[in-house]
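Here's the structure we're looking at; comments come further down.
Worth saying up front: this structure is predicted, and the values here are computed from it rather than measured.
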Amino acid sequence: MTGTSATANMKTNRRRPVFGRMYPAMARALDEGGMAERRRELLAGLAGEVVEVGAGHGVNFAHYPAEVARMVAVEPEPRLREQAQAAAAGAVAAVEVVPGLADRLPTADRSVDAVVFCLVLCSLPDVAAALAEARRVLRPGGQVRFLEHGRADTRGLARIQRVLDATIWPRLVGAERPVRQPLQQPPLRPAASRGTPARSRTSRRPDRRPRP
């Protein structure tokens, strides 16, 4: 591997071996607890070409509607990406699984109809940069769809989240922070709400084409 290719590989891969082993089991437990229905709601009505940021092991692929013609699944963790490639074979849409990061999507300007973030924003070091990148790749009138958790509303559970956040959790799962409030970031604040364990929202890119 040349120096240039090694640098490019570092920019598109984030090795988190513990998280790569843990996450599929965590996702199954979440889905059994009702997250599967949240995933279906998040993706309902999508059509055309879609980018999913942080696709993990492809847990969302089965929930994409048939109207999605093509989907680019961006995942930086190599173990999860390999599992996503296997999951893509059973998807209704044509899925291309690629390495990449939220702030450097391997997609051309104004080339997709929707960008999806599912339980990903809580792990990003710069949410605003990721959303700016989503805006770059969206066609006019395109959508950003996201599903996120937040800090618990109950004092006891919030305290547990703070302890995990300050000790073992980042070491186990990488940058994911249990107490981060990604929906309170400035680009998302108008759509934020509190009181539910997971929230999904849609944001649409304005169509700035001149009117006839």
Side-chain angles (χ1 to χ4, degrees), residues 16 18-77 79-98 102 112-124 127 130 134 143-154 157 160-161 164 169 172-178 180-183 188 191-203:
R16 298 174 182 168
V18 176
F19 179 66
R21 289 177 170 82
M22 288 176 53
Y23 186 69
M26 293 168 58
R28 283 194 297 272
L30 287 171
D31 284 355
E32 291 170 1
M35 185 58 71
E37 181 58 32
R38 297 272 188 173
R39 297 183 197 277
R40 284 191 287 270
E41 292 174 358
L42 173 69
L43 304 173
L46 288 177
E49 298 186 63
V50 177
V51 171
E52 182 176 340
V53 182
H57 61 299
V59 64
N60 288 324
F61 294 174
H63 302 299
Y64 278 90
E67 290 76 14
V68 173
R70 177 176 176 268
M71 198 259 284
V72 176
V74 179
E75 174 52 50
E77 210 294 311
R79 183 185 181 93
L80 292 175
R81 192 166 63 242
E82 183 178 349
Q83 296 179 62
Q85 288 168 342
V92 174
V95 179
E96 180 185 4
V97 180
V98 299
V112 300
D113 301 293
V115 178
V116 173
F117 298 90
C118 184
L119 303 178
V120 168
L121 295 174
C122 57
S123 69
L124 300 181
V127 173
Q143 303 176 60
V144 172
R145 298 226 184 157
F146 56 93
L147 172 65
E148 283 300 329
H149 67 79
R151 187 176 59 238
D153 293 326
T154 58
L157 186 53
I160 292 172
Q161 286 181 316
L164 289 172
W169 198 250
L172 289 176
V173 301
E176 202 274 346
R177 309 304 293 266
R180 180 179 287 173
Q181 294 284 73
L183 301 191
L188 298 178
S193 64
R194 299 187 62 183
T196 56
R199 304 126 192 181
S200 59
R201 293 289 184 274
T202 300
S203 177

Glu148 side-chain N/O to Cys118 backbone N/O, donor-acceptor pair under 3.5 Å: no

Minimum heavy-atom distance Gln85-Val97, with the two atoms named: CG-CB, 3.6 Å

Over all atoms of both residues, closest heavy-atom pair of Asn60 and Leu43: O-CD1, 3.7 Å

Pair Arg40 + Glu37, salt bridge at N-O below 4.0 Å: yes

Heavy-atom side-chain contact between Val53 and Leu124 under 4.5 Å: no

Heavy-atom check, side chain of Val112 versus side chain of Val72, under 4.5 Å: no

Heavy-atom closest contact (Arg145 atom, Glu41 atom, distance): NH1-O, 4.3 Å

Check: Tyr23/Glu77 side-chain N/O donor and acceptor closer than 3.5 Å: no

Steps toward side chain to side chain contact (heavy atoms under 4.5 Å, CB included) verdict (Met35, Leu147): CA-CA 10 Å; Met35 185 58 71; Leu147 172 65; 3.7 Å; yes

Over all atoms of both residues, closest heavy-atom pair of Ala84 and Gly56: CB-O, 3.4 Å

Met71 CE to Glu52 CD distance, which is reported to the nearest 0.5 Å: 5.0 Å

Minimal non-hydrogen separation, Gly45 against Pro65, with atom names: N-CG, 4.3 Å

Residues Val95, Tyr64; criterion side chain to side chain contact (heavy atoms under 4.5 Å, CB included); working and verdict: CA-CA 10 Å; Val95 179; Tyr64 278 90; over 6 Å; no

CA sep, side-chain torsions, deciding dist, call: Arg39, Asp31, side chain to side chain contact (heavy atoms under 4.5 Å, CB included): CA-CA 9 Å; Arg39 297 183 197 277; Asp31 284 355; 2.8 Å; yes

Asp113 versus Gly48, closest heavy-atom pair with distance: OD2-CA, 3.4 Å

Any Val59 side-chain heavy atom under 4.5 Å of Pro24 side chain: no

Pairing residues for Arg28 by the side-chain hydrogen bond (donor to acceptor under 3.5 Å, both in side chains) criterion, not counting sequence neighbours: none

